[in-house]
Structure formats: structure tokens, C-alpha cells
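This report refers to the structure that appears directly beneath it.
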Amino acid sequence: MRVLLVITDEDWYEDAGYAAAWVRALEAEGAEVERLARVPADWPVTGPPPRRYDLAIAHVLVEEVVGYAPTFALAVLLEAAGVPLLNPVASLVASADKLVTHAVWAAAGVPQPAAWDLARVREWPMPGRQMVLKPSLGDGARYIELVGDLDAARAVEAGWREHEAAGGHRRGTSLLQEWIAEPACARVFATPTATSLVYEKSREEGALVTHGTVYPRVYEAPPDMAQLARRMVASLGGGLMGVDVLVEPDGRLVALEANAPFGFDVTDPQQGRWVARAALAAAERAAAARAAAA
């Protein structure tokens with residue numbers, strides 16, 4: 001099985017270790033892995049090597065989708081040339097923009113916190129309650145704040161736009177979202193048919209955001225959580241994503257976000273083993289579909 005990992009080679013991201021972790025996990029399962037960060041110089045003339053890759057894993061960051069960066073262009077080329085992508089281009093785009101993600105999930109009936117486009121809001125959607133203000137573009141819980149009224153929300157947004165104009169990160173649409181107070185935040189790696197263990201993220205009492213890849217609790221996914229995680233991925237057209245599910249104090253489950261380019265814990269072989277096997281299973285399904293079509 002030959003896998004192409006499409007991922008940036010910029011120094012600022014290389015040090016995170018995710019590329020090395022993907023390669024290590026895939027090779028441990030017997031795959032041959034190549035890495036590319038951009039379209040090779042000769043491909044505009046020759047095209048990608050026919051049938052060289054059984055699967056391409058397009059680890060395209062949100063910023064790269066927005067800026068049509070080299071990794072995203074390479075993913076588009078590979079898909080157009082018939083190389084199976086673990087997460088198709090449409091799912092990369094849909095999961096990169098939270099406004100689109102929420103709209104897709106709403107159409108699919110996936111339970112989620114209610115969200116509004118701030119630019120279209122004329123009255124506070126949830127009177128007497130604070131709400132979460134977040135950018136539709138971005139990851140790692142950047143720029144997320146609690147706000148209590150429209151004036152406060154628009155003041156924060158104005159700061160975002162000033163930062164963008166000065167060359168800062170692009171935020172996209174400003175989203176007002178229902179605030180789920182004191183939830184547990186569960187990270188689950190999921191395909192449309194399977195889920196990993198649940199990795200509950202660390203969050204201090206009263207805190208709005210979690211501590212990323214610190215997991216105080218790891219457990220088997222309850223059936224309702226596993227079903228929700230699979231629906232989150234399937235409705236976006238994804239093959240394998242890292243999804244975040246909020247568990248309210250009363251036990252209600254809601255979909256928070258889905259990440260096509262997810263980071264798994266590079267120190268946890270169990271996580272790497274699960275995602276590698278899920279990716280290679282997708283490659284096997286793609287190969288079987290090609291063989292049947294032929």
C-alpha cells in the first residue's frame with residue numbers, strides 16, 4: 001500500500017511533529033509513505049504518476065484552504081487526477097469554514113449549538129445569556145471569546161478586522177454561537193462507520209477553551225456518542241476526521257467541530273495505530289471500488 005502524505009514542510013509546522021507521527025504510524029502498519037508539500041515541478045507536463053498512490057492524505061490546514069496554498073492545490077490536482085483522497089476536497093473546504101460546517105450539519109439534522117452570522121444579527125439571539133464569538137476560519141480555539149451583547153461582539157470583531165488589515169490571520173465570518181456552560185469536550189477520531197476511543201480534553205472549571213491534547217479521561221465511546229461522531233464526518237463527506245463533541249452536564253451531546261487536518265498525540269502509539277489503520281482501510285475500499293469499476 002503506497003500512501004502520499006500531503007502536508008506543509010514549513011519549519012513553523014514541522015516542529016509540531018504531526019508529519020513524522022503520520023509517517024511513523026503508517027509505516028508501522030506496512031504502508032510505503034511519500035511526502036509532498038506542493039505540486040512537483042514536472043507534473044504540469046507529466047501529471048501525477050498513474051496509479052502510483054493508493055491513497056492521498058491531504059493534511060491541509062485551514063489557513064492553506066483560505067489562501068489556496070500549495071498543499072491545497074496539490075490536493076485538488078490529485079483528486080482531479082483520480083487519486084483517492086482520505087478526505088475529499090469538498091470535505092476539506094466544508095470543515096475548514098465553521099459557518100459551512102454548521103449549515104451542513106443543520107441540513108443533516110446533527111445536534112449542535114445554535115449559531116448565527118454576526119453580520120446578519122439585528123437583535124441578541126439569546127436574551128439574558130452570554131454567547132460565544134468565534135471566527136469561522138481558524139483552529140486551536142484561537143480568538144474565541146464570551147460576549148454579552150451586540151455592542152461587545154462588534155467591538156471584538158472590529159479588532160479582528162484591524163488585525164487582518166495589518167496582515168494578521170484571516171477570520172472569515174464572525175459567528176455568534178450558543179454557549180454550552182461547563183461541558184466535557186470529547187475528541188473522537190471517526191470515519192463514517194467507525195470511532196476511536198474517546199479522549200476527553202482537559203478544561204479548568206469555568207474556562208471557555210480546553211488544553212488541547214491533554215486528556216485526563218480516555219474511554220470507549222458510548223453508542224450515542226459514537227453514532228454522533230460518525231454522522232458528523234459522514235454529513236461533511238469526510239473519510240477520517242478528528243471531531244469534538246460537547247457533553248452537557250445533563251448528558252446532552254452536541255457536535256462542536258470537525259477537523260480534516262487533525263493532530264493526534266505524537267506520544268501515544270494507540271492513537272497513531274488507530275488513525276493509520278482507519279486510513280489504510282479507506283485505501284483498501286477505494287482499491288476495491290476501482291477494481292469493481294474496471
Can you hop from W116 to V156 via hydrophobic side chains spaced under 4.5 Å? yes
Does a donor on one side chain and an acceptor on the other come within less than 3.5 Å for S174 and W160? no
For atom CG of D42, decide whether the heavy atoms of other residues, nucleotides or ligands shown that lie under 6.0 angstrom number more than 12. yes
Quick one: are P84 and D54 in side-chain contact, heavy atoms under 4.5 Å? no
Mind running ring-ring contact (aromatic ring centres under 6.0 Å, His included) on F264 and W22 for me, showing each step along the way? CA-CA 9 Å; F264 55 91; W22 267 111; 5.3 Å; yes
Is there a donor-acceptor contact under 3.5 Å linking the side chains of T191 and R285? no
Considering only heavy atoms from C-beta outward, does the side chain of V132 approach that of V147 to under 4.5 Å? no
E178/R252 salt bridge by N-O under 4.0 Å criterion: yes
Does a side-chain heavy-atom distance below 4.5 Å link M232 with V110? yes
Verify the neighbour count for atom CZ of R120: are there more than 12 heavy atoms of other residues, nucleotides or ligands below 6.0 Å? no
Same cluster for L137 and W12 if Ile/Leu/Val/Met/Phe/Trp/Tyr side chains link at under 4.5 Å? no
Salt-bridged, K134 to E145, with N to O below 4.0 Å? no
Does a side chain donor of either H102 or Q112 reach within less than 3.5 Å of an acceptor in the other side chain? yes
Just wondering, do L253 and D224 contact through their side chains at under 4.5 Å, heavy atoms? yes
Could you tell me whether the side chain of P261 reaches within less than 4.5 Å of the side chain of V60, counting heavy atoms only? no
Indicate if M131 and L246 have the same hydrophobic cluster label, given that clusters are the connected sets of ILVMFWY residues with side-chain heavy-atom separations under 4.5 angstrom. no
Identify whether the distance between the nearest side-chain nitrogen and carboxylate oxygen of E164 and R161 falls below 4.0 Å. yes
Shared hydrophobic cluster for V23 and L26 (ILVMFWY, side-chain gaps under 4.5 Å): yes
Look up atom CD in E220 and atom OG1 in T195, then write down how far apart they are to the nearest 0.5 Å. 8.0 Å
Quick check for you: to the nearest 0.5 Å, what is the distance between H59 atom NE2 and R35 atom CZ? 10.0 Å
P216 and K201, any side-chain heavy atoms less than 4.5 Å apart: no
hydrophobic_cluster_shared for I57 and V233, side chain cutoff 4.5 Å: no
Determine whether F72 and L61 make a side-chain contact, defined as any pair of heavy atoms from C-beta on separated by less than 4.5 Å. no
Just verifying a value: how many Å separate W274 CH2 and E29 CD, rounded to the nearest 0.5 Å? 12.5 Å
Nearest non-hydrogen partners of A283 and L55, listed with the distance: CB-CB, 3.8 Å
Is the charged tip of R171 near the ring of Y143: under 6.0 Å from the six-membered ring centre and within 45° of its axis? yes
Can you find a pair of side-chain heavy atoms, one from W105 and one from P111, that are under 4.5 Å apart? no
Pairing of D244 and R187 as salt bridge, 4.0 angstrom limit: yes
